[in-house]
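Positions are given from 1 along the sequence.
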Amino acid sequence: MMDKVERKVEVFIREHGMIESDDVVIAGVSGGADSVCLLFVLWGLKEKLGFKLRVCHVNHGLRGAEADADEAYVKSLCEKLSVPCRFFHEDVESFAKKWKQSPEEAGRTVRRNAFEAMCREDGGTKIATAHHQGDNAETVLWNMARGTGLKGLRGIRPVEGRCIRPLLALTREETERFLQEKGVRWCEDATNAQDGYTRNRIRHNILPVLAEQVNPQVARHLEELSRQAGEVWDYLERGTDRAWERCVSVCDSDGKTPAHEKDARMRDGCSLYIEENTFREEMPAVQKQLLKRCLSLVRGREQDIGSVHVASLSELFTKQTGRSLNLPGKVTARKMYGGVSLSREEQCKSSIPAEDILLAVPGTVVWPGADEGGKRWRITCRFLENADFGQAEEFPQKSYTKWIDYDIIKYGLSARTRQSGDYFIVDESGSRQKLKAFFINEKVPQEERKRMLLIADGEHIVWIPGRRMSRAYHISSTTKKILEINITEE
């Protein structure tokens with residue numbers, strides 16, 4: 001007779017189309033309760049669903065004899081169930097140092113590499129991991145705490161490509177009870193009890209408090225939230241697909257424009273053109289997603305593209321023809337007649353200098369200057385902790401280091417030259433002064449005005465390096481996030 005847990009997982013697998021007949025499923029089994037549960041559930045379903053099962057175990061080389069014992073246990077389980085298994089031995093600590101990753105990131109990378117190796121060499125068609133509802137709740141909370149959009153609220157997806165998570169149908173308590181009822185033991189990883197990892201702190205200190213003091217069903221409700229967010233995201237993606245067809249053209253390097261083409265990998269020498277009138281007809285949520293997709297395609301990856309970059313790109317539609325913007329990954333956006341073009345830096349044929357460079361917060365960028373052979377400026381941003389706000393007043397007015405109240409930033413900080421409409425705040429009452437009026441009052445020569453470096457937040461000039469700073473961004477005793485900006489000549 002089929003176990004209740006197996007039936008629940010089977011329904012979940014069928015609902016999401018996770019496994020098809022003749023699939024070869026590579027299951028990641030560490031020896032912990034969740035992965036052992038995954039092994040037994042898939043083993044119980046393989047005949048009924050008509051798939052083959054293989055096991056992948058990765059020894060990270062971090063826990064010495066304890067990790068060796070886990071490996072031996074997984075080997076004995078697989079022999080008992082007659083399931084083929086491969087064992088991978090990796091030095092995660094060395095890997096992390098070499099690739100400048102955290103141990104968590106390095107661990108995920110080596111596990112992913114092991115799965116991919118088995119898919120290539122053992123005919124694997126699906127990769128099954130043991131994430132359950134508790135893991136999903138932790139992920140949703142983690143994403144929310146770090147700052148996320150709708151995509152992050154989706155949490156861990158049941159299916160992503162060939163990766164499947166059958167145990168998202170279960171809670172942690174259900175996986176352990178399933179094994180207890182079968183009389184199956186599992187290995188305990190001592191690091192799971194430590195709070196050194198962010199996920200462990202959420203698991204030990206946040207979710208239990210929410211369950212005890214707010215709602216015992218918090219994990220289930222977060223699972224439902226992630227499901228609804230996923231449905232809304234899918235709807236938004238379809239809307240973005242339609243917007244792409246209406247608004248976006250792929251242009252060859254010779255300027256010819258093929259029919260509306262969507263290609264996950266841009267052909268060499270291609271750029272994108274977004275038609276302004278049709279773009280403005282789209283809903284704001286679709287506009288933002290379309291811009292992010294365009295930027296990701298031209299750049300080649302989505303990582304490190306944030307809302308500030310999308311907002312700056314959106315604002316470019318309001319600028320004069322010829323205005324340009326530097327974006328992550330050497331992507332240049334330029335306001336054209338009737339729209340905005342996006343291309344990689346090496347594809348740009350124009351000799352017009354890039355005028356807007358988004359600052360890396362935190363991080364360093366180089367502003368190349370606004371004239372041939374002019375100065376190049378290195379601009380470094382870093383957040384300060386436990387700083388005395390009174391120290392900010394000690395910086396001379398003409399200093400090239402300033403502290404600003406980062407929470408005041410509206411659009412994102414950029415390094416650029418002057419633009420029409422620029423202004424700054426001159427006093428605590430919020431009085432504005434046009435940048436043009438400031439230049440006239442200070443008797444700044446016309447030629448110098450054209451190439452002068454400015455730190456801006458949209459049209460609001462945060463700082464005229466070497467001259468003065470907008471009063472609006474001064475820090476005070478109520479400032480929560482202090483950003484230090486330091487400018488040096490290259």
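Under a 3.5 Å cut-off, the side chain of H221 and the backbone N or O of V218 do not form any donor-acceptor pair. A side-chain donor-acceptor contact under 3.5 Å links R344 to the backbone of G329. Side-chain atoms of T139 never come within 3.5 Å of backbone atoms of I156 as a donor-acceptor pair (strictly under, hydrogens ignored). Looking at T109, its side chain does come within 3.5 Å of a backbone N or O of E105 through a donor-acceptor pair. Not a single donor-acceptor pair under 3.5 Å links the side chain of R146 to the backbone N or O of N143. The backbone N or O of Q217 sits less than 3.5 Å from a side-chain atom of N215, completing a donor-acceptor pair. Y73 places a side-chain N or O within 3.5 Å of a backbone atom of R185 that can act as its donor or acceptor partner. Using modelled atom types, one side-chain atom of W43 and one backbone atom of L81 make a donor-acceptor pair closer than 3.5 Å. Side chain of H57 to backbone of V29: a donor-acceptor contact under 3.5 angstrom is found. Looking at N205, its side chain never comes within 3.5 Å of a backbone N or O of I202 through a donor-acceptor pair.
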Problem - Verdict with reasoning, V340 to F317, per side chain to side chain contact (heavy atoms under 4.5 Å, CB included) - result: CA-CA 7 Å; V340 166; F317 282 89; 3.8 Å; yes
Problem - Derivation and outcome, side chain to side chain contact (heavy atoms under 4.5 Å, CB included), residues C294 and V248 - result: CA-CA 9 Å; C294 289; V248 181; 3.9 Å; yes
Exercise for the section: Evaluate salt bridge (Lys or Arg N to Asp or Glu O under 4.0 Å) for E237 paired with R293, printing each intermediate quantity in order. Expected result: CA-CA 10 Å; E237 282 286 272; R293 177 184 291 182; 3.6 Å; yes
Problem - Verdict with supporting geometry, Q289 and W233, side chain to side chain contact (heavy atoms under 4.5 Å, CB included) - result: CA-CA 10 Å; Q289 188 58 23; W233 177 262; 3.4 Å; yes
Handout entry: Full working for side chain to side chain contact (heavy atoms under 4.5 Å, CB included) between L295 and V331
Key = CA-CA 8 Å; L295 181 52; V331 174; 3.7 Å; yes
Problem - Derivation and outcome, side-chain hydrogen bond (donor to acceptor under 3.5 Å, both in side chains), residues S271 and S341 - result: CA-CA 7 Å; S271 63; S341 70; over 6 Å; no
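Residues K410 and E315 are not paired through a salt bridge, judged by the lack of any N-O separation under 4.0 Å between the basic side chain and the carboxylate. Between K52 and E47 there is no salt bridge, since no side-chain N of the basic residue sits under 4.0 Å from a carboxylate O of the acidic one. We find that K48 and E10 are joined by a salt bridge, their nearest charged nitrogen and carboxylate oxygen being less than 4.0 Å apart. Salt bridge E20/R14: absent, no basic N to carboxylate O contact under 4.0 Å. Under the 4.0 Å criterion applied to side-chain N and carboxylate O atoms, E176 and R172 are not assigned as salt-bridge partners. Note on D23 versus R162: no salt bridge recorded, every NZ/NE/NH1/NH2 to OD/OE distance being 4.0 Å or above. In summary, D405 and K481 do not engage in a salt bridge, as defined by a charged side-chain N under 4.0 Å from a carboxylate O. In this structure, R280 does not pair ionically with E275, as no charged nitrogen and carboxylate oxygen lie closer than 4.0 Å. Contact check on K8 versus E174 returns a salt bridge, with a Lys/Arg side-chain nitrogen under 4.0 Å from an Asp/Glu carboxylate oxygen. A salt bridge links R227 with E224: the closest approach of a Lys/Arg side-chain nitrogen to an acidic carboxylate oxygen falls below 4.0 angstrom. A salt bridge between R242 and E282 is absent, with no side-chain N of the basic residue lying under 4.0 Å from a carboxylate O of the acidic one.
Smallest separation of non-hydrogen atoms from W367 and A415: NE1-O, 3.3 Å. Of all heavy-atom pairs spanning L358 and L327, the tightest one is CD1-CD2, 3.8 Å. I408 and D457 get closest at one heavy-atom pair: O-OD2, 4.1 Å. The two atoms that bring G134 and L207 nearest to each other are O-CD1, 4.2 Å, heavy atoms only. Contact between A360 and V365 at its shortest, heavy atoms only, is N-CG1, 3.7 Å. Heavy-atom minimum distance, S226 versus R157: O-NH1, 3.7 Å.
Residues L291 and F279 have side chains in contact (heavy-atom distance under 4.5 Å, counting atoms from C-beta outward). R165 has its side chain within reach of L168: a pair of non-hydrogen atoms, C-beta onward, lies under 4.5 Å apart. Using a 4.5 Å heavy-atom threshold, the side chains of T129 and L167 count as separate. Annotation: side chain of V5 is in contact with side chain of L170 (closest heavy-atom distance under 4.5 Å). Here the side chains of I127 and I164 are not in contact, with every heavy-atom distance at 4.5 Å or above. Side-chain atoms of H309 and S312, non-hydrogen and from C-beta on, never get closer than 4.5 Å to each other. The closest side-chain heavy-atom distance from H60 to E93 is not below 4.5 Å. Side-chain contact between T364 and I379 is absent, with no heavy atoms from C-beta onward closer than 4.5 Å.
Within 6.0 Å of atom NZ in K335, more than 12 heavy atoms from other residues, nucleotides or ligands are found, so the atom counts as buried in its surroundings. Applying the 6.0 Å contact sphere to CZ of F383 captures more than 12 heavy atoms from other residues, nucleotides or ligands.
In this structure, CD on E66 lies 11.0 Å from CG on N59, to the nearest 0.5 angstrom. Of the inter-residue distances, the one linking F88 atom CZ with F115 atom CZ reads 9.5 Å to the nearest 0.5 angstrom. Going from atom CZ of R416 over to atom CD1 of I455 covers 10.0 Å, rounded to the nearest 0.5 Å. Going from atom CG of D34 over to atom OG1 of T175 covers 4.5 Å, rounded to the nearest 0.5 Å. Atom CG in L45 sits 7.5 Å away from atom CD1 in I19 (nearest 0.5 Å). Atoms CG and CD1, on L53 and I26 in that order, are 8.0 Å from each other to the nearest 0.5 Å.
Looking only at atom types and distance, the side chain of E188 has a donor-acceptor partner in the side chain of W186 under 3.5 Å away. Remark: the S343 side chain and the R334 side chain contain no N/O donor-acceptor pair separated by less than 3.5 Å.
For R246 and W244, the positive end is not near the middle of the six-membered ring at less than 6.0 Å and at most 45° from its axis.
Test K182, Q180, E181 against F178 for side-chain contact (heavy atoms from CB on, under 4.5 Å) and you get one pass: K182.
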